[in-house]
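Only heavy atoms go into these numbers, but all of them, side chains included; no hydrogens, no water, no symmetry mates. Every value quoted in this text rests on a predicted model; they were computed, and no experiment measured them. Per chain, numbering begins at 1; letters A, B, ... match sequence-line order.
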There are 2 protein chains.
Amino acid sequence: MSEYQQQHSPTAYGQDGDALPPVEQHAQQYETVRNAHETELIEDYVELIGDLLRHRGEARAADIATRMAVSQATVSKMIRRLNELGLVTSKPYRSLFLTEEGQKMAEISRSRHDVVLHFLRALGVDDSTARIDAEGMEHHVSDKTLTIMQRFTEQQRT
Amino acid sequence: MSEYQQQHSPTAYGQDGDALPPVEQHAQQYETVRNAHETELIEDYVELIGDLLRHRGEARAADIATRMAVSQATVSKMIRRLNELGLVTSKPYRSLFLTEEGQKMAEISRSRHDVVLHFLRALGVDDSTARIDAEGMEHHVSDKTLTIMQRFTEQQRT
DNA sequence: GATAATTGTTAGCCATGGCTAAACTGTTTA
DNA sequence: TAAACAGTTTAGCCATGGCTAACAATTATC
Ligand SMILES: [Mn+2]
Ligand SMILES: [Mn+2]
Ligand SMILES: [Mn+2]
Ligand SMILES: [Mn+2]
C-alpha cells in the first residue's frame, strides 16, 4: 500500500484542520452514496405517483413525464421496472396505482422529503431554493440527521 | 393534459398542507438533481486526488480504489475520463496530478464539502454520521443554502 | 362514425459507472 | 539478475437511465 509508505508529506501543508479519514470510514462514505443512488430514482417515481394519486386522483404516465421533464418513453420503461419490483400495478392505457409496498415507500419518501423541505425553510432558505435542494438532499440524509432536522424545525416554529 | 381535466380529487384527502408545485417548478427540481448527478462523481474524484496530494504528496490509482471501495479497473477508466476532461495529468504507472482547472474544481469541492460537514456537526450530528451524510448532500446544496449553512455554523461557534 | 389528437409502447441507440479476468510494467527481494 | 509482487491498464461484460423514431391504442372532436 503506497499510501502508508510515505508517512510525512513533503509539501508545506502539514496539518490544516481536516486530515484524511481512516480508509474504512472513507470507503463507507462513498459506498453509502452509491447505495443511495440506486434507490433514489425509484423513490422519486413512487413518491410522485403517490402525490399524483392523492392530489389528482390518478397518475398517468404523461403527467409523470411532464413533471419530471423526461420523455414518455423513459417513463414507460421505468414503469415496467416499478412493476417488476412490485411497487405499482398498471393496466395499459390506465392510471397507475401503488401496491401495498409501493404505498409504504411513497409515505416514507414523502415524509423524509417533507422533513428536509421544512427544515431548509426553517433555516431561512427561500421556498423555491429549498424545494430544489430538498429534491436532491432527501436521499442522502440519515435517520439520525433527519431526527435532528425535525427537532430543529419544531423549535424554530415557536 | 389529463392532469388538468380533473380539478377536484375524488378522494377524501383534499388539502393536506403541501399541494403539488406548478409543473415548471417541479420539473426544474428533477432537472437540477439530474445535472448534479452528472458532475458528482467527477468532483469526488478530483477532490480526493487533491486531498491525497495535499496529505500524502502523491495520488496513486490504487489508493483511490481503496478509499472509494471500487476496483482498480474502475479507477483506471475514470482517470482516462478525467484526463480527457482536462482535469488531471497522468503518465502511465505514475502518480496523478491536477491541472489548473482540476485544482480549481478540487478547491471548490473541498470547500463545499467542508461547509456542509461543519454545518452538520454544528447542528448536533455526530462526526461519523456527518461525514457520511455530507458526502452525498454536498452535491445538492445550492450556493444560497451553502451561505446560510456557513452563517449558521459561525453563529453556533460563539 | 370517421378523423384527429393525445397517450402509451416498443425498438434501438448512447453514456455512465460498476465488475472480472488477463496482460503488462515497475519495484523489491532472494 | 531473475523471480515475485504490487500496481496499472485493457478488454469485454452488465445494469441503469436517458434519448428519438415508429407504431398502437384510446379518447376527443367534428
Ligand atoms: Mn422526494
Ligand atoms: Mn428526490
Ligand atoms: Mn466531496
Ligand atoms: Mn461527494
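- Closest non-hydrogen pair, Pro21(B) versus Arg131(A), comes out as CG-NH1, 3.9 Å.
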Protein-nucleotides 17-19 of chain C N/O pairs closer than 3.5 Å?
unit_1: dG17(C); atom_1: OP2; unit_2: Arg81(B); atom_2: NH1; d: 2.2
unit_1: dG18(C); atom_1: O6; unit_2: Lys77(B); atom_2: NZ; d: 2.4
unit_1: dC19(C); atom_1: OP2; unit_2: Ser71(B); atom_2: N; d: 3.0
unit_1: dC19(C); atom_1: OP2; unit_2: Ser71(B); atom_2: OG; d: 3.2
unit_1: dC19(C); atom_1: OP2; unit_2: Thr74(B); atom_2: OG1; d: 2.8

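- Among residue pairs with one or both ends in residues 72-92 of chain B, none qualify as ring pair (Phe, Tyr, Trp, His ring centres under 6.0 Å); sequence neighbours excluded.
- Among residues two or more places apart in sequence or in another chain, the ring-ring contact (aromatic ring centres under 6.0 Å, His included) test is passed with Phe152(A) by Phe119(A), Phe152(B).
- Of the options Thr129(B), Asp133(B), Asp126(B), a side chain to side chain donor-acceptor pair (under 3.5 Å) to Thr145(A) is made by Asp133(B) and by none of the others.
- For the ring-ring contact (aromatic ring centres under 6.0 Å, His included) test, no residue two or more places apart in sequence or in another chain qualifies with Tyr45(B).
- Non-hydrogen atoms lying under 4.0 Å from DNA chain C are contributed by Tyr93(B), Arg94(B), all within residues 87-95 of chain B.
- Applying the side chain to side chain contact (heavy atoms under 4.5 Å, CB included) test between Met68(B) and each of Val75(B), Asp44(B), Asp63(B), Thr74(B) identifies Asp44(B) as the sole match.
- Smallest separation of non-hydrogen atoms from Val125(A) and Ala130(A): CG1-N, 3.6 Å.
- The separation between Asp44(A) atom CG and dT16(D) atom P is 16 Å, rounded to whole Å.
- Not counting sequence neighbours, the partners of His140(B) by the ring-ring contact (aromatic ring centres under 6.0 Å, His included) test are His140(A), His37(B).
- Asp63(B) has its CG atom 8 Å from the P atom of dG7(D), to the nearest Å.
- In this structure, the CG atom of Asn83(A) is 16 Å from the C1' atom of dT10(C), given to the nearest Å.
- Distance, Arg80(A) CZ to dG12(C) P: 13 Å, rounded to whole Å.
- The nearest whole Å value for the distance from the CD atom in Glu40(B) to the P atom in dT16(D) is 18 Å.
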